[in-house]
There are 2 protein chains.
Amino acid sequence: MSNKTIQDIENRIASLLKRSDLSVTESRRKILHLFLEQPGALAHGDIERKAGEKFDRVTVYRTLQAFVDKGIIHTIPTADNSIRYALCKDDCSAGHHHDHHIHFVCTNCNNTYCLDDVVTPEIKLPKGYQAEHVEVVVEGVCKNCKG
Amino acid sequence: MSNKTIQDIENRIASLLKRSDLSVTESRRKILHLFLEQPGALAHGDIERKAGEKFDRVTVYRTLQAFVDKGIIHTIPTADNSIRYALCKDDCSAGHHHDHHIHFVCTNCNNTYCLDDVVTPEIKLPKGYQAEHVEVVVEGVCKNCKG
DNA sequence: GATTGTTTTGCAACTATGTTGCCTTTTTAT
DNA sequence: ATAAAAAGGCAACATAGTTGCAAAACAATC
Ligand SMILES: [Mn+2]
Ligand SMILES: [Mn+2]
Ligand SMILES: [Zn+2]
Ligand SMILES: [Zn+2]
């Protein structure tokens with residue numbers, strides 16, 4: 001890995017933060033790094049473990065909250081009640097998330113993936129119910145774990 | 001409300017508990033009552049508030065866990081990370097839940113409903129992913145709130 | 001590059017949520 | 001009624017999440 005590549009990533013992170021009207025701080029850079037160097041989603045606990053020695057717990061909470069508010073990451077509900085976070089596509093922004101993909105939780109490796117190409121299906125609801133947002137979480141065995 | 005009706009409910013509760021190999025205790029009867037006299041789902045907090053003055057917090061946790069284990073209630077994941085519980089249909093039993101319906105969370109009244117007649121859709125996954133269980137939660141405005 | 005105003009951070013203290021072990025009480029079976 | 005088994009209450013603990021405030025880091029300006 002050349003020094004240039006590392007610099008590229010740093011620049012990408014900095015510009016992402018600036019575009020979101022967030023000042024560029026060490027903790028935000030570090031936490032964004034974690035998301036970028038990893039394919040799946042991260043639980044709060046993961047982040048705290050990987051970044052928590054350098055940063056306070058409270059900072060992790062506030063950083064994640066800021067990222068969600070600004071449309072940098074989105075939350076993924078899971079059955080075991082531990083919210084996971086994953087990077088948004090570029091068309092999300094402050095106040096408006098536009099993630100209409102489904103999520104996959106592997107029961108083997110316990111990773112969570114955004115399946116960006118799988119669009120949430122139309123759900124036909126009983127009379128009187130009006131849908132605003134549909135959340136689909138599929139549990140099963142992921143590509144990597146399927147021997 | 002005749003005395004007979006009340007007695008009927010009590011009998012129904014007792015037989016449900018016995019069928020599930022659970023001894024009939026005051027806290028279990030009380031908590032089942034809460035589920036029966038209410039159309040939607042209950043969050044742990046709701047139950048603790050409504051039954052918690054008579055029973056210890058720990059008892060509520062253990063009771064709900066026992067009910068889930070025995071297939072009397074099932075959990076509903078939500079975006080705000082507060083697990084909700086709702087009664088299962090009769091075909092659930094210990095070790096095997098057979099709930100393939102979707103759930104609806106009203107953004108107005110904040111109630112959660114099991115839409116027992118809406119079957120979870122088939123999801124076409126990318127190659128390599130193998131689905132075991134699909135969870136669908138729809139957010140929107142419920143029948144009662146839609147003026 | 002130093003100065004200044006603004007934002008973010010860490011700390012402490014707190015609330016909420018969930019778990020475990022142990023002893024007492026209640027329930028069930030005989 | 002009695003004994004064995006199960007469940008409940010209590011205390012203590014662990015984890016998760018929030019808030020106010022002073023110190024530190026950052027961004028903007030000169
Ligand atoms: Mn996603
Ligand atoms: Mn349900
Ligand atoms: Zn896997
Ligand atoms: Zn409603």
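Reminder, nothing fancy here: chain letters follow the sequence lines and each chain counts from 1.
- If you measure from atom CD of B/Glu48 to atom P of C/dT17, you get 7 Å, rounded to the nearest angstrom.
- In this structure, B/Tyr113 has its ring center no closer than 6.0 Å to that of B/Phe104.
- With sequence neighbours left out, the salt bridge (Lys or Arg N to Asp or Glu O under 4.0 Å) criterion links B/Lys127 to no other residue.
- Remark: A/Thr25 is not in phosphate contact with D/dC26, judged by side-chain N or O atoms under 4.0 Å from OP1 or OP2.
- As a member of the Ile/Leu/Val/Met/Phe/Trp/Tyr network built from side-chain separations under 4.5 Å, B/Val58 groups with nothing else and remains a singleton.
- Listed by first and then second residue, the side chain to side chain donor-acceptor pair (under 3.5 Å) pairs that reach into residues 31-43 of chain B are B/Glu10-B/His33, sequence neighbours excluded.
- A/Leu17 places its CG atom 15 Å from the C1' atom of D/dA25, with the value rounded to the nearest Å.
- Among pairs with a residue in residues 54-83 of chain A, those fulfilling ring-ring contact (aromatic ring centres under 6.0 Å, His included) read A/His44-A/Tyr61, A/His74-A/His101, A/His74-A/His103, at least two apart in sequence or across chains.
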Could you tabulate the donor-acceptor pairs under 3.5 Å formed by side-chain atoms of residues 130-147 of chain B, not counting sequence neighbours?
from, atom 1, to, atom 2, distance (Å)
B/His133, NE2, B/Glu135, OE1, 3.1

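- If you check distances only, the side chain of A/Arg57 does reach the base of D/dG17 with a donor-acceptor pair under 3.5 Å.
- Distance B/Phe55 CZ to C/dT25 P: 17 Å, rounded to the nearest Å.
- A/Glu26 pairs by the salt bridge (Lys or Arg N to Asp or Glu O under 4.0 Å) definition with A/Lys54, not counting sequence neighbours.
- Legend: residues meeting side chain to side chain donor-acceptor pair (under 3.5 Å) with A/Thr120, ordered by chain and number and at least two apart, are absent.
- With rounding to whole Å, B/Lys18 atom NZ is found 11 Å from C/dT27 atom C1'.
- Remark on DNA chain C: of its neighbouring residues B/Glu26 and B/His44, the 5'-side contact belongs to B/His44, judged by nearest-heavy-atom nucleotide.
- Residues B/Ile13 and B/Val24 have side chains not in contact (no heavy-atom distance under 4.5 Å, counting atoms from C-beta outward).
- Between A/Ser23 and the phosphate of C/dT7, there is no side-chain N or O to OP1/OP2 separation shorter than 4.0 Å.
- Taking atom OH of B/Tyr61 as the reference point, atom C1' of C/dA16 lies 8 Å away to the nearest angstrom.
- Of the residues in residues 27-34 of chain A, those lying under 4.0 Å from DNA chain C by heavy-atom distance are A/Ser27, A/Arg28.
- Summary for the helix from C/dG1-D/dC30 to C/dT30-D/dA1: the axes at its two ends, each from 5 pairs, differ by 40° when rounded to the nearest 10 degrees.
- At a cut-off of 3.5 Å, with distance as the only test, a side-chain donor of A/Thr112 or A/Arg84 sits close to an acceptor on the other residue.
- Evaluation of the salt bridge (Lys or Arg N to Asp or Glu O under 4.0 Å) rule for A/Arg62 yields no partner, not counting sequence neighbours.
- Considering only residues two or more places apart in sequence or on other chains, B/Asp56 meets the salt bridge (Lys or Arg N to Asp or Glu O under 4.0 Å) condition with none of them.
- Between A/Glu53 atom CD and C/dG10 atom C1' the separation is 16 Å, expressed in whole Å.
- Residue contacts for B/Lys54: at a heavy-atom cut-off of 4.0 Å it reaches the sugar-phosphate backbone alone, with no base atom in range.
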Table of protein N/O atoms under 3.5 Å from nucleotides 20-22 of chain C N/O atoms:
none

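- Look at CG on B/Leu64: it is 15 Å from P on D/dA7, rounded to the nearest Å.
- Atom-to-atom, CG of B/Asp56 to P of D/dC10 comes out at 6 Å; the value is rounded to the nearest Å.
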